[in-house]
Structure formats: structure tokens, C-alpha cells
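I have placed the structure first, in the form of C-alpha cells, so that the comments after it can refer back to it.
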Amino acid sequence: MHWLVSIAEFLVNEVLSQPAYLVGLITATGLIALKKTAGQIIGGAIKATLGFLLIGAGAGLVVAALAPLGEMIQGATGAHGVIPTNEAIVGIAQAQFGARVAWLMIVGFGVSLLLARFTPLRYVFLTGHHMLFMATLLTMVLATAGQSSAVVVLVGGVLLGILLVSMPAFAHPWTKRITGDNTIAIGHFGTAGYVAAGATGQLVGKRSRSTEDMKLPEGLRFLRDSMVATALSMVLIYVIMAVLFLAKAGRGTAFKAFGSDGGAAATGLGNYLMQAVMQGLQFGIAVAIILFGVRTILGELVPAFQGIAKKVVPGAVPSLDAPIVFPYAQNAVLIGFLCSFLGGLVSLGLLSALFHPWFGLALVLPGLVPHFFTGGAAGVYGNATGGRRGAALGAFVNGVLITFLPALLLKVLGAFGEENTTFGDADFGWFGALIGNAAKLGGAGAVVLMLAIGLVVLGAAVLVQKRVVETGWDPGARRDAVLPRTEAPVAAAPTTTTTATTAHAKIAPPAGAPTPPPPPPPESR
């Protein structure tokens, strides 16, 4: 049996948990189903893999650029508490539960494919690292509640499979509003925040213009370039926080901030300020790399899914990581990041003043990485239905969610709740808290209750898919009726003709995105 465990761990840790490999294999499978030549199959698979590696490289640069800024913010504000970091808590749990996590993830992915094949939820979840994170969370809450290994793997696998096809469905009306078609879905466990942001946009932004329609004086036209605007904004934020941190902590401590993540400590005041400038510029480069990676993978993966839809899962829709929506509203990404972080700060104040002393909830610090990725995506979702006000307030709501939900999750993590870190995205919080509390009942009652929760989620997702997604409901229709419609060009692949779309009805797809494949016939959906 040891060799079976080794194989399972290899598949999870070295293949399935690496989204670049997983997407490359999926792309190759789709191209094979389309009967492409060997050269086209190899080239398409490699290009899709490289696209995901580009996204990962950009994400790594974002993390590196934000690390000193996070230390400065904590030092300047004096905040102390739990910092949500998915990778950190997963690494801690893997040492104890590695084999169970591996088997649970394999079972869960298999269940998700069956559900995608035999239910209306045709979503194939391709964000491998988030599959691993959720598998780890389910293992932790079930195992720490005293459930047996068999229950952990089987029940946890069923719950994971349900989430992998359900969460993209809940967000899909808003995702279609962003992309303009049905070719991709969101496959990221920050979905509750994205849905909340889109709904908030509907409430507050009926007359608010899009973040991408900002009119600037002629002298500031250079800010229309999103890379320039992002870099300049981060430079200003970095320099301001660097000065505040220097004033509070003094030179001895402040100069070490840039050496905390493997970099070089500042050697003087001028070097300290210029390192702050450089980190802001590096952040702008990181976002540009992510956007290029998204465009690269869209060009390969979406056509390949035509083959999968025909042969394996009719009408299959790839569910991809949160940055997949960044190119559709690049100004909204920056607005979303900043407003989500602001929501985290306000929530931290509420936790500190009220909820920590009254209910014993942990103080959850606003981690810059989850606020950038989920907050940026929430900004795009809020902008799609509510323009600038929707982007700002929708992302603020996301910031509140990813502060309070991790605090609730810590209550069901047992000893892991004392590790000073936890899962950071919204879906880990609400689903983990529900399943963790159900698991504490023990015995057959706990199993029945957990499966009942899973069935409720699955049933709700099917209902949304049939009654909302497939009927074509547009969450931004009311806004379109109020704002005047203007035509905006849609960037297309070099081999296609340029078309036009309504600027406020749908956000233009990113430059280099392929022409969407035709929808499958009704009988295959």
C-alpha cells in the first residue's frame, strides 16, 4: 500500500497541484480530441503551460514587492495578530496530513468531473493550487474533529468535488458580464467576495461610469496606460508608508524592512527612499506580466476546450484563477486592491474594539497578497455592474469578508488555530466554518449533516445554473438602461476581424484574446 500512497502524493504534489502542468495536460487533451497535428498539440500545450508560468512569475513578483510594504504598514500602525496566508497554513498541515490530503484531492477532482459530466454544472476547475488548499482545509477540520481517515477522504472528497463545480456557477452571471461570453469561468475560492462585489455594484452603481472610462486632462493622458498608472500609484503608496514607518520606528528598524524577504537592507536615507520607489515600479512590472500570461493562456486553452466539450464533458467551461479577469478592467484591479485593503483595516478596528473582547474572535491583519488578488478581482466584478462606485464599495465588502471569515474559521481549526496564520480567501472561511462545526457533532450524525450541507450547496448551484445562467440573466441590465450606450472596440486575435460591443453592457476582452468558439448545440448542454 505504501507505493499507492507514494503515487497519490506524486500526482497531487508534483502534477495536480501545479496548475501549469495541469493546464498543459488539459490543453493537450482538448487538441487531441480536435484531431490536431502532433506539432500543434505539443506547441499548444507548451504555450498554455508557459502562460500559467507567466502568471505565477508575476504573482511571485507581486508577493516580493508587497512584503516590505506589509512590514511598514504593521510597523507604522502597531497592528499585531493573525496574518492569513494560504501557503503557510497548508505547509504546516501537510507535515501531519499529507497522505490524506493527497487522496482527498484525487477523489474530489474525480467527483467534480463526474458532476460536470452528468449535471448541468459543466465547469472544469483548473486552479490546481486552490484545489490543494481546499483539500487541506477539509482534511484539517475533519481530522481535528476526530473523524476517521476513511470519512476524511471520502466525505471530504465528495465535498471538494461539489465545491469545484458549484462555486464557478454561483459567480457565472457576473463572470459572463465581465467577459461577454461563456468561454471561461472563475475557478478561485474567493467566489463569495466576487459575488458580493458584483451584487454591491448592482446596488450602488447604476449611474456610475466604468473605471475604464476615466477622462483625464491632456497632460495626464499617460495614466491611461494601466502599467504606468499602477506603478505610479504603488510608488506613491510605498514612499508615503516608508516615510511614516521611518518616523515611527527610526532608521535602525526602518532600513531593515527591505532586507526582510531576502533583499538588501537600506544603507542610508536616500537609498531607503529609492528602494521604496523601486519596489513600486517592480509591482507595476509584476502586474504587466500577469496580464500577459492571462492573454497567452486564453489564446490556447479556450480553443482546446472545444475538444473536451465534444468528447469528455459536453459544454465544458474552464474555471481559472482570479487574475484571469484582470485584463478586462485594469483600472478596477488597482482600485479594488486599495479599497479591499481599506475594508480590511476597518474590519481589524472592529475586531479589536468589539468582536475580539466580546466574542473572542482573533485579530486578523489585512494581508496585502490576498487583498491584491481577491480585492483586484472583486474590483473587476464590482465595476462590471456598478462602475467606479461598484468597484470601490464591492472591493471594500470583499475586504470585510476576508477579515471576518478567517476569524470565524480559526474557531474550528483546533491546535492549528494557534499558528498565527490561516486561510485567507472568502470561501475557505464560510465553508470551513460550516463543515468544521458539523464535524464536531461526531459519529454518523456528523457525516449526514456534512453531506447535507454539500447537497444544499450543489442544489443551489444547479438552481442558479438552470434559472439564472442558462436563462441569460444579466446582472448589469438595469445599469445599461440608465447609462447611454457607446460603442467600444473589442481587441481580437490577429487572425480575426475586429468587432464592436457596448462599453457599458460588456467590458472589452483583453488584447490578444481569441474569438470565442461558437456555443455548443442545445442538446449537448
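The structure displayed is predicted, hence computed values, not measured ones.
Proximity of the aromatic rings of F109 and F125 is defined here by a centroid distance below 6.0 angstrom, and this criterion is not met. Ring centroids of F133 and H188 are separated by 6.0 Å or more, keeping the two rings apart. Taking the centre of each ring, Y123 and F170 stay at or above the 6.0 Å mark.
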Margin query: Between F428 and H130, is the ring-ring contact (aromatic ring centres under 6.0 Å, His included) condition met? List the steps.
Written below: CA-CA 10 Å; F428 298 118; H130 261 239; 5.5 Å; yes
Next item on the list: Mind running side-chain contact (heavy atoms from CB on, under 4.5 Å) on I89 and M140 for me, showing each step along the way?
Entry: CA-CA 10 Å; I89 191 66; M140 290 169 64; 4.0 Å; yes
Note to self: I'd like to know whether I335 forms a side-chain contact (heavy atoms from CB on, under 4.5 Å) with R388, so could you lay out the CA-CA distance, the side-chain angles of the two residues, the decisive distance to 0.1 Å, and finally the verdict.
What the structure shows: CA-CA 8 Å; I335 292 171; R388 300 166 199 176; 5.6 Å; no
Next item on the list: Could you walk me through whether L115 and L121 pass the side-chain contact (heavy atoms from CB on, under 4.5 Å) test, one step at a time?
Entry: CA-CA 7 Å; L115 291 172; L121 305 174; 6.0 Å; no
Check: Would D425 and T374 satisfy side-chain hydrogen bond (donor to acceptor under 3.5 Å, both in side chains), going step by step from the backbone distance to the final call?
Finding: CA-CA 7 Å; D425 302 331; T374 69; 4.8 Å; no
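Ring orientation note: the planes of W473 and W174 are nearly perpendicular, at an angle over 60° on the 30°/60° scale. Classified by interplanar angle (parallel below 30°, tilted 30° to 60°, perpendicular above 60°), the ring pair Y381/Y194 is parallel. Relative orientation of the F341 and H371 rings is perpendicular, given thresholds of 30° and 60° on the angle between their planes.
Contact record, G424 with I402: O-CB, 3.4 Å, taken as the closest heavy-atom pair. In plain terms, the two heavy atoms of I186 and A171 that are nearest each other are CG2-CB, 3.6 Å.
In this structure, S352 contributes its side chain and L348 its backbone to no donor-acceptor pair below 3.5 Å.
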